[in-house]
Amino acid sequence: SADSLHLAFTVGYDGYPAELLVASWNRGPASVRKMPRPKDVNVADSIAWRGKEPELCYLGDYHATKRVYAINGILGEPETRALTPDDVVIDAFSVSQAGDKLGLLQTGLTYSRDVFLGQATGSSTRLTTVNPQIETWKLPKLSRVTWKGAHGDDVEGILELPPDHKPGTPLPMIVSIHGGPTACDYLGFQYWIYGRTQFSTQGYAVFCPNYRGSTGYGDKFLTDLIGHENDVEVDDILKGVDALIAKGIADPDRLGVMGWSNGGFLTNCLITRTNRFKA
């Protein structure tokens, strides 16, 4: 911290929620406190002190978004607020010396990572357009979808549909599974080798389930996977596919699946457990 009396750090272990801790001292032994987190928020990364007062900022996953959160009152009753409350994905941030401005690397529904200048009030101004060609593209329709998972509770995912998709028209669908498993897919524009944006322009639906063990949906949702790997999260994914078939979005006879890292392993699980998918 600016007064050199506090040291912030995170502790994380795959499969468990990361925790944010502060060590404080003043001419004596340090005391260490675990900072509270809002419901469903998982500490992601990038911690920074804000201003002269000991207010601590960090990136947190929340329901397929990534926001900057600030904690004040770390010596008394800590209170947390979101400095970027919008439905965006903040990939990185920095805090001005005065603490009144934020430098943001931000992704939205219709643009990839760009630099924004944020204010303490939560408003922000876009400063760059690194990939202006995207503004000429026909972009996928991005949305959240929810369904009842393996335990009957809500599970969420990201759905990409072709820009000209007409409701009621079943589409060939690719299930794209994120790695980790302590990670998540975000509600934001992506264009990369695993098919986001690309497949939808070719007439496919792309379904990215935030299965059991994903971040941003609460500690219990995260830790429910422990001891049930390759079981409960597979059911979460399969029930999500069934829900999209029932809604008339996915064609049950044209389903594919892909993934990377842990998602690649889950891809094999889905293929071996059912004959519904093509690799």
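Only this structure's heavy atoms are used, side chains among them; waters, hydrogens and symmetry mates stay out. From a predicted model like this one, the values you see are computed outputs, not experimental measurements.
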Quick one, L171 with M173, criterion side chain to side chain contact (heavy atoms under 4.5 Å, CB included). Give me CA distance, side-chain angles, the key distance, then yes/no.
CA-CA 6 Å; L171 297 171; M173 187 174 78; 5.9 Å; no

Without swapping roles, check the side chain of N210 against the backbone of D185 for a donor-acceptor pair under 3.5 Å.
yes

Go through K166 and D164 one step at a time and tell me if the side chain to side chain contact (heavy atoms under 4.5 Å, CB included) criterion holds.
CA-CA 6 Å; K166 296 179 180 179; D164 56 353; over 6 Å; no

With a 3.5 Å distance limit and no angle check, can you tell me whether S124 reaches the backbone of G118 through a side-chain donor-acceptor pair?
no

Run the numbers on K220 and D40 for salt bridge (Lys or Arg N to Asp or Glu O under 4.0 Å), then give the verdict.
CA-CA 9 Å; K220 185 179 185 301; D40 291 353; over 6 Å; no

Where at least one partner belongs to residues 85-111, residue pairs that pass ring-ring contact (aromatic ring centres under 6.0 Å, His included), sequence neighbours excluded
Y111-F116

Any donor and acceptor pair, going by atom type alone, linking the side chain of Q198 with main-chain N or O of W192 inside 3.5 Å?
yes

Quick test of your reading: applying ring-ring contact (aromatic ring centres under 6.0 Å, His included), list the pairs with at least one residue in residues 163-189, sequence neighbours left out, ordered by first then second residue.
H178-Y211

Sole residue of I158, L222, T215 in side-chain contact (heavy atoms from CB on, under 4.5 Å) with C184:
T215

Would you say that L159 contacts R144 through its side chain, given a criterion of any heavy-atom pair below 4.5 Å between the two side chains?
no

Is there a side chain to side chain contact (heavy atoms under 4.5 Å, CB included) between I47 and L20 once you walk through the steps?
CA-CA 9 Å; I47 57 177; L20 181 60; 3.7 Å; yes

Heavy-atom donor-acceptor pair, T197 side chain to Q190 backbone, under 3.5 Å
yes

Looking at E233 and N230, would you say the former's side chain and the latter's main chain have a donor-acceptor pair under 3.5 Å?
yes

Any luck finding a side-chain donor-acceptor pair between D14 and T182 under 3.5 Å?
yes

To the nearest 0.5 Å, tell me how far I177 CD1 sits from I174 CD1.
12.0 Å

Looking at N268, is its backbone amide N or carbonyl O close enough to the side chain of T272 to form a donor-acceptor pair, meaning the two atoms are under 3.5 Å apart?
yes

Applying salt bridge (Lys or Arg N to Asp or Glu O under 4.0 Å), name anything that partners D45, two or more places apart in sequence or on another chain.
none

Using side-chain heavy atoms (C-beta onward) and a distance below 4.5 Å, is I74 in contact with R33?
no

Atom CD of Q97: over 12 foreign heavy atoms under 6.0 Å
no

Would the distance check show the side chain of D86 and the main-chain N or O of V88 forming a donor-acceptor pair, the cut-off being under 3.5 Å?
no

To the nearest 0.5 Å, what is the distance between CG (N42) and CD (E19)?
8.5 Å

Do the rings of Y69 and Y58 sit parallel, tilted or perpendicular, given the 30° and 60° boundaries?
parallel

Starting from the C-alpha separation in whole Å, work towards a yes-or-no answer on side-chain hydrogen bond (donor to acceptor under 3.5 Å, both in side chains) for N131 and S112.
CA-CA 7 Å; N131 292 289; S112 58; 3.2 Å; yes

Could you tell me the separation between the CG atom of L104 and the OG1 atom of T107, rounded to the nearest 0.5 Å?
11.0 Å

Side-chain touch K101/Q119, heavy atoms, less than 4.5 angstrom
yes

With sequence neighbours excluded, what pairs up with R196 under the side-chain hydrogen bond (donor to acceptor under 3.5 Å, both in side chains) test?
E160

If two hydrophobic side chains count as joined below 4.5 Å and joins carry through other members, does M258 share a cluster with W260?
yes

Are any side-chain N or O atoms of T146 and backbone N or O atoms of V155, one a donor and one an acceptor, separated by less than 3.5 Å?
no

State plainly whether one hydrophobic cluster holds both L75 and W49, where clusters connect Ile, Leu, Val, Met, Phe, Trp and Tyr through side-chain heavy atoms under 4.5 angstrom apart.
yes

Polar side-chain atom of R50 near backbone of A98 as donor-acceptor pair, under 3.5 Å:
no

Would you indicate whether the side-chain heavy atoms of V145 and E156 approach each other to under 4.5 Å?
no

Could you note down all residue pairs passing salt bridge (charged side-chain N to carboxylate O under 4.0 Å, His left out) where residues 56-76 supplies at least one of them, sequence neighbours left out?
none

Using side-chain heavy atoms (C-beta onward) and a distance below 4.5 Å, is E135 in contact with Q133?
no

Using a strict 4.0 Å threshold on nitrogen-to-oxygen distance, state whether R37 and D219 make a salt bridge.
yes

One should read off an interatomic distance between S24 OG and L5 CG, to the nearest 0.5 angstrom, of 8.0 Å

Rounded to the nearest 0.5 Å, how far apart are CZ of F277 and CG of L255?
5.5 Å

Residues at least two apart in sequence or cross-chain that pass ring pair (Phe, Tyr, Trp, His ring centres under 6.0 Å) with Y217, listed by chain then number, are H63, F221

Partners meeting ring pair (Phe, Tyr, Trp, His ring centres under 6.0 Å) with Y191 (sequence neighbours left out)
W137

Hey, are the side chains of V130 and R113 touching, using non-hydrogen atoms and a 4.5 Å cut-off?
no

I'd like to know if the side chain of S96 reaches the main chain of G99, judged simply by a donor and an acceptor atom lying under 3.5 Å from each other, with no hydrogens or angles considered.
yes

Apply the hydrophobic cluster definition, ILVMFWY joined by side-chain contacts under 4.5 Å directly or through others, and give me every member besides I226.
Y13, Y16

According to salt bridge (Lys or Arg N to Asp or Glu O under 4.0 Å), who are the partners of E229, at least two apart in sequence or on a separate chain?
none

I'd like a table of donor-acceptor pairs (distance under 3.5 Å, sequence neighbours excluded) in which one partner is a side-chain atom from residues 238-249, with atom names and distances.
residue: D242; atom: OD1; partner: R276; partner atom: NH1; Å: 3.1
residue: D242; atom: OD1; partner: R276; partner atom: NH2; Å: 2.8

Is the closest side-chain donor-acceptor distance between D114 and T128 under 3.5 Å?
yes

Does a side-chain heavy-atom distance below 4.5 Å link V43 with V41?
no

One should read off an interatomic distance between S143 OG and L187 CG, to the nearest 0.5 angstrom, of 8.0 Å

Distance-minimising heavy-atom pair for A23 and V32:
CB-CG2, 4.0 Å

Between L102 and L117, does the side chain to side chain contact (heavy atoms under 4.5 Å, CB included) criterion hold? Intermediate values first, please.
CA-CA 6 Å; L102 297 172; L117 179 64; over 6 Å; no

Could you tell me whether D153 and R212 make a salt bridge, using a distance below 4.0 angstrom between a side-chain N and a carboxylate O?
yes

What pairs with D100 under salt bridge (Lys or Arg N to Asp or Glu O under 4.0 Å), at least two apart in sequence or on another chain?
none

K141: what forms a salt bridge (Lys or Arg N to Asp or Glu O under 4.0 Å) with it, not counting sequence neighbours?
none

To check you understand the geometry: which heavy-atom pair defines the closest contact between V206 and G195, and what is its length?
CG2-O, 4.5 Å

Are side-chain heavy atoms of P163 and L139 found at a separation under 4.5 Å?
no

